[in-house]
Amino acid sequence: MSDRRTALPGSTLLLWIVLPILPFAVGFLVLGLVDHPVSGVRAHLPGKDAFHDEGLDLRFFNALLGYGALAIIQVLSCAAVIAMLALHVARMPAQARVRVLAMTAASLILLWIISVAVRQDGSNGALWIGYRYPCMVLVNSGVADHILPDSCDGEGLSRLAWFALVPYMAGLAAAAFASAVVASAFGRLPPGTAEEIAADLKTRSALVEQSFRMTAFILVISTLALVLFYRLPLALIEDDLATELMTGYAQAITFFWGVLFTLTLAAIFGPGTLILKRRLREAGIAPGDVDLPEQLLPHGAKERLAGLLTTLAPLLIGASGSVLEQIASAL
């Protein structure tokens, strides 16, 4: 793909820098707004009386091992996706390659700014709801001093924080890189015959479709990892009421992140087909003129349905938290 084919206007470049992080920014804002009216929940988290001493360390180890195994799969999957996309980027002309890497770096810098912002006083509702609540419950259990921090709102990062942070960072990096690579498919079509333009569109559509499926897989694995992370306290609590309350919390927060991951997929890839169809119209080619990818055809209902189900996969995994809870409890 030549520089001419991948040339993008500045507004489009900025759009695909922002798209992968927009759902997370909105999600952090929502969690920050929610945290203020429910901040009193911190006093009602399961206390030390909700735990018993027998077998706590072993139960925590078992739960952590399950989460750790899936987190490792997630991180390795992210690395594999990034490597596969990097092979595609390596085949690009130098100017296009620099553009993709610059877009990825810009997205990651914005994500870092957002992550720093949510740790500030008065803006850390997402941090409390997403991490510190389950952390405080685990600390109340009194297990694994070498993994858990003395205080979940203190300075520095405990091993538990790293266990939560590394998969999260890997998923965001993979999504940001996929967004930047996919943006390279939306440049203007070069002049040529209808057959040449159709061949170019097939290459672009294949890139978008492959990146879409890889990113969806990463976000589904990320949702499953969250299900297991929020199960860590549930493996230790023996008080029935505390178990019920924390189960509801785990299901709600997992569903919330599932919605955000689905919105991430929609934000990155939703406009893609529309842009490719617009490029087709700009070239003056009708769908019946040449052999086009299924996604660009008016009757591509099967492809649209498959795309919709793939986009909704993280949300469906988050919504099925109760089912997964029941399966996990039976094991």
Side-chain angles (χ1 to χ4, degrees), residues 23-24 26-52 55-56 59-60 62-64 66-68 70-71 74 118 124-144 148 152-153 160-161 163-164 167-168 171 219-264 312-331:
F24 290 94
V26 174
F28 288 151
L29 176 62
V30 170
L31 289 179
L33 296 175
V34 168
D35 179 66
H36 294 292
V38 301
S39 58
V41 75
R42 301 171 197 173
H44 300 287
L45 293 173
K48 298 184 183 299
D49 57 344
F51 306 91
H52 301 285
L56 282 184
R59 277 187 278 152
F60 178 70
N62 292 340
L64 187 63
Y67 166 71
L70 192 56
Q74 180 192 349
V118 300
N124 56 11
L127 194 60
W128 276 104
I129 295 177
Y131 169 73
R132 286 177 177 168
Y133 285 171
C135 174
M136 292 172 68
V137 176
L138 290 171
V139 169
N140 285 340
S141 71
V143 301
L148 301 178
C152 295
D153 57 350
L160 179 68
F163 290 158
Y168 160 79
L219 294 178
V220 166
I221 292 292
S222 300
T223 307
L224 288 172
L226 285 174
V227 170
L228 293 185
F229 180 78
Y230 291 114
R231 272 197 60 81
L232 292 177
L234 295 176
L236 306 177
I237 300 172
E238 296 187 5
D239 179 80
D240 291 339
L241 177 59
T243 299
E244 179 183 350
L245 294 174
M246 287 303 295
T247 298
Y249 163 78
Q251 292 172 358
I253 192 66
T254 302
F255 176 71
F256 180 84
W257 285 112
V259 170
L260 288 188
F261 292 160
T262 285
L263 291 176
T264 300
L312 293 177
L315 185 153
L316 296 175
I317 292 293
S320 63
S322 58
V323 176
L324 296 173
E325 295 286 349
Q326 293 172 7
I327 294 174
S329 299
L331 297 178

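Closest approach of Ile237 to Met246, counting heavy atoms only: CD1-CG, 3.6 Å. Closest of all the heavy-atom pairs between Leu236 and Ser141 is CD1-OG, 3.5 Å. Scanning all heavy atoms of the two residues, the minimum distance from Leu234 to Ala250 falls at CD1-CB, 4.4 Å.
Put simply, OG1 on Thr247 and CD on Gln251 are 6.5 Å apart, with the number rounded to the nearest 0.5 Å. Within the model, atoms CD of Gln74 and CG of Leu226 stand 7.5 Å from one another, a figure rounded to the nearest 0.5 Å. For the atom pair Arg59 CZ and Leu232 CG, the distance stands at 13.0 Å (nearest 0.5 Å). Put simply, CD1 on Ile221 and CZ on Phe261 are 11.5 Å apart, with the number rounded to the nearest 0.5 Å. With values rounded to the nearest 0.5 angstrom, Ser222 atom OG is found 12.0 Å from Leu260 atom CG. From Leu148, atom CG reaches atom CG of Leu138 across 5.5 Å, with rounding to the nearest 0.5 Å.
A donor-acceptor pair is defined here as one N or O able to donate and one able to accept, closer than 3.5 Å; no such pair exists between the side chain of Tyr67 and the backbone of Val227. In this structure, the side chain of Asp239 does not engage the main chain of Asp49 through any donor-acceptor pair within 3.5 Å.
Between Tyr168 and Phe24, the angle of the ring planes goes over 60°, which puts this pair in the perpendicular group of the 30/60° scheme.
Contact annotation: the side chain of Tyr133 never approaches that of Ile253 to less than 4.5 Å [non-hydrogen atoms, C-beta and beyond]. Put simply, the side chain of Leu224 does not reach to within 4.5 Å of the side chain of Leu228, judged on heavy atoms. At least one side-chain heavy atom of Val139 sits under 4.5 Å from a side-chain heavy atom of Cys152. You'll find the side chain of Leu160 reaches within 4.5 Å of the side chain of Tyr131, heavy atoms only. The shortest distance between side-chain heavy atoms of Phe256 and Val30 falls below 4.5 Å. With a 4.5 Å cut-off on side-chain heavy atoms, Tyr249 and Pro134 count as touching. Looking at Phe51 and Val137, their side chains come closer than 4.5 Å, going by heavy atoms from C-beta outward. Within the 4.5 Å cutoff, the side chain of Trp257 has no heavy atoms near those of the Leu219 side chain.
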- prompt: When you look at Leu64 and Phe163, which way does the side-chain contact (heavy atoms from CB on, under 4.5 Å) test go after all the steps?
  reply: CA-CA 9 Å; Leu64 187 63; Phe163 290 158; 3.9 Å; yes

